[in-house]
Amino acid sequence: MRIYNTLTRRKEEFVPRDRGKVGIYVCGPTVYGYVHVGNARPYVFFAVLARYLRSRGYRVTLVENITDVDDKIIERAREEGTSADEVARRFADAYIEDTGRLGLGRPDIEPRATEHIGEIIDLCRRLEEAGYAYETGGSVYFRVERFAGYVKLSGQKTDQMQHSEPEREGETKESPLDFAVWKAAKPGEPSWESPWGRGRPGWHIECTAMSLKYLGESFDIHGGGRDLVFPHHENEVAQAEAAGGKQFVRYWMHNGMITRREEKMSKSVGNIFLLREFLKEYDPRVLILFFVGSHYRSPLEYSRENLDEAASRLERFRNCFWRLDELLAAVEAGQLAGDGDAAALDQAVAAAEEEFHREMEDDVNTAGALAASFGLVRAVNEYAEAGQKQGAVSRGSLQRARAALASQLGILGIEFTAEDYQGGELEQELLELVEQREQARRAGDYAAADAARDRIRAAGYEVRDTPQGPKLVRRD
RNA sequence: GGCGACGUGGCCGAGUGGUUAGGCAGAGGUCUGCAAAACCUCGUACAGCGGUUCGAUUCCGCUCGUCGCCUCCA
């Protein structure tokens, strides 16, 4: 598998540190507000990456942090007149609830900064002892000049920088580039005892401490949004490598930004769309399909048109599964021979599988992989058309095609169940309406037939006439 | 000012030195009482200008445009 590594700015063959195992750390949210659609992109992408790697036999450990102590949280608590702790807990719960509805499961480990204060202090102390950090006014700063590898990830030029983290009151930084790894507590702020007095973690230290704790040195993949490259990830590299001496991360992966009218979606711009609002209107799978429809490193425009297109794609997949299941049911019921030609469809399945994996192997090209899945959909439909005409299909072929399609979409995080088109037990009343419509049709009373269909539609179902008779499909 | 990315047919969006992306929308056709779903057919697109090459959308340079980072930010 080839992966684009931000560190080297090119695609590289992926070789995990430990054979057969992959450790992935993704920067999760700082919980001072509800997650928006932009935040959801890395969440979805790295879940997909983990799924793909697992499907290839790797044992994957996916770690996604929750930063629950931070300036913004404190600020929000002050605005609300509540405690930082309460704010963090509320939005951490909301984050888990909202992302949970995407149906991708949870990361293996979701560590919280406040539960790793000991590790963070320890890391700060090691940096200080090694001369890479110094104390001033109860805070501890990273001495950027001392670390030769600074800027190797982002490629920034430190002498051309426009800004730097401002000094805090009562503190004196040696250089404007230096950044806080530990912040002295101000009155009313959450704080913990430390060698430098009461304080709290600095900007980026929690990710370094927690990733090293759960994945060890030189772990495989560290991910997050493109906007985190500098300073967040650059500083993580500095902290980890200054403290440990070894390479921090082997492959850095950064997803592109979700945009709104060509502009990055972010809280500061004020153009965010909350995930929970999205989910009120759309099926969660629409968001996933929207994301995987483009390459993860590309910017992606959040618009009604693009979401509706994703919804149409979802519908095409859904119809394909519906058709597959109808055909298999027809075979079971003896309405269709099950021993028809297998070669045509089997060949298409093999081709689609090959293409799907080839695309995923190429820097997780989900858009290309999706094209392979659509190719399989077409092959199934063509095969079904022919099979209906000839009155025979291959039961085994259909099952293999279904399994392949389900597997591919499953890797992309999209699953279908019978609920999607049946909605459980059909009500007697509906079945009677279908029967009424059939009788009306046979009698040539099409006005009555159409009226029955309208009533069925009003009940949330659509009638589709097939060679095996009328079938009901759920509509949302 | 510095660093970086991108500009593909009506729209979204992959990709490649010469051979089909895919989807959505649209037109026609098949099937159907009509629908729905599906199938078939239909679009010589690669910002502009130079260069390298037998040949460039794909490589190089310049121009224009858009975006991201350099400040919290997925």
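Per chain, numbering begins at 1; letters A, B, ... match sequence-line order.
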Requested in this report: Identify, with sequence neighbours excluded, every residue that meets salt bridge (Lys or Arg N to Asp or Glu O under 4.0 Å) alongside A/D108.
Outcome: A/R54
Query - A/Y150 OH to B/rC3 P, straight-line distance once rounded to whole Å - result: 17 Å
Query raised in the report: Looking at side-chain heavy atoms only, is the closest gap between A/Y34 and A/F91 below 4.5 Å?
Result: yes
Query raised in the report: Which comes earlier along RNA chain B counting from the 5' end, the contact point of A/A372 or that of A/G38, where each point is its nearest nucleotide?
Result: A/A372
Query raised in the report: Whole-Å distance between B/rA74 C1' and A/R41 CZ?
Result: 10 Å
Query raised in the report: Which whole number of Å gives the distance between the C1' atom of B/rG13 and that of B/rC54?
Result: 33 Å
**Report entry** Basic-acidic side-chain contact under 4.0 Å: A/E354, A/R358
**Finding:** yes
Requested in this report: Would you mind reading off the distance between A/F356 atom CZ and B/rA21 atom C1', rounded to a whole angstrom?
Outcome: 15 Å
Requested in this report: Keeping the roles fixed (side chain from A/E189, backbone from A/I74), state whether a donor-acceptor pair exists under 3.5 Å.
Outcome: no
Query raised in the report: Which of parallel (below 30°), tilted (30 to 60°) and perpendicular (above 60°) describes A/H254 and A/H233?
Result: tilted
Report task. Taking the side chain as every heavy atom from C-beta outward, state whether A/T259 and A/M265 have any atom pair closer than 4.5 Å. Result -> no
**Report entry** Out of B/rG23, B/rU66, B/rA74, whichever nucleotide has its closest atom nearest the side chain of A/E262
**Finding:** B/rU66
Query - Between B/rA74 (P) and A/I66 (CD1): distance, integer Å - result: 13 Å
**Report entry** Consecutive-pair stems (at least three Watson-Crick or G-U pairs, under 3.5 Å) that include RNA chain B
**Finding:** B:1-7 with B:64-70, B:10-12 with B:22-24, B:26-30 with B:38-42, B:47-51 with B:59-63
Query raised in the report: Roughly, in whole Å, what's the span from CG in A/N235 to C1' in B/rC69?
Result: 14 Å
Query raised in the report: P atom, B/rC6 versus B/rC24: distance in rounded Å?
Result: 28 Å
Query raised in the report: What class does the angle between the rings of A/Y43 and A/Y95 fall in, given that below 30° is parallel, 30 to 60° is tilted and above 60° is perpendicular?
Result: perpendicular
Requested in this report: To the nearest Å, give me how far apart CG (A/L153) and P (B/rC69) are.
Outcome: 15 Å
**Report entry** Any A/K267 side-chain N or O less than 4.0 Å from OP1/OP2 of B/rA74
**Finding:** yes
Query - Rounded P spacing from B/rU8 to B/rG48 in Å - result: 11 Å
Query raised in the report: With rounding to whole Å, what would you report as the distance between B/rU58 and B/rG51 at their C1' atoms?
Result: 15 Å
Query raised in the report: Are the aromatic rings of A/F14 and A/Y251 close, with centres under 6.0 Å apart?
Result: yes
Report summary line: A/D68 meets the salt bridge (Lys or Arg N to Asp or Glu O under 4.0 Å) criterion, sequence neighbours left out, with none
Query raised in the report: Any ion pair linking A/R474 and A/D420 (charged N to carboxylate O, less than 4.0 Å)?
Result: no
**Report entry** Pairing of A/E462 and A/R464 as salt bridge, 4.0 angstrom limit
**Finding:** yes
**Report entry** P spacing across the pair B/rU53 / B/rG10, given as an integer number of angstrom
**Finding:** 34 Å
Requested in this report: Report the distance from atom CG of A/L275 to atom P of B/rA74, rounded to the nearest whole Å.
Outcome: 14 Å
Report summary line: Per-nt protein contacts along nucleotides 4-19 of chain B (heavy atom under 4.0 Å; B base, S backbone sugar-phosphate only, - none) come out as --------BSSS----
**Report entry** Span that lies between the P atom of B/rU19 and that of B/rC59, in whole angstrom
**Finding:** 16 Å
Query raised in the report: Could you write nucleotides 32-43 of chain B as a row of B, S and -, 5' to 3', where a protein heavy atom under 4.0 Å of any base atom gives B, of only sugar-phosphate atoms gives S, and otherwise -?
Result: -BBBBSBSS---
Query raised in the report: For A/E355 and B/rA21, what is the distance between atoms CD and P respectively, to the nearest whole Å?
Result: 12 Å
Report task. Check side chain to side chain donor-acceptor pair (under 3.5 Å) between A/E355 and all other residues, then give those that pass, not counting sequence neighbours. Result -> none
Requested in this report: Determine the interatomic distance between P on B/rG61 and the same-named atom on B/rC67; round to the nearest Å.
Outcome: 24 Å
Query - 5'-most by nearest nucleotide on RNA chain B - A/D308 or A/N39 - result: A/D308
**Report entry** No-H, no-angle donor-acceptor pair, A/K264 side chain to B/rC73 base, under 3.5 Å
**Finding:** yes
Query raised in the report: What integer number of Å spans the C1' atoms of B/rU52 and B/rU44?
Result: 25 Å
Query raised in the report: Would you say A/R260's side chain and A/E301's backbone share a donor-acceptor pair under 3.5 angstrom?
Result: no
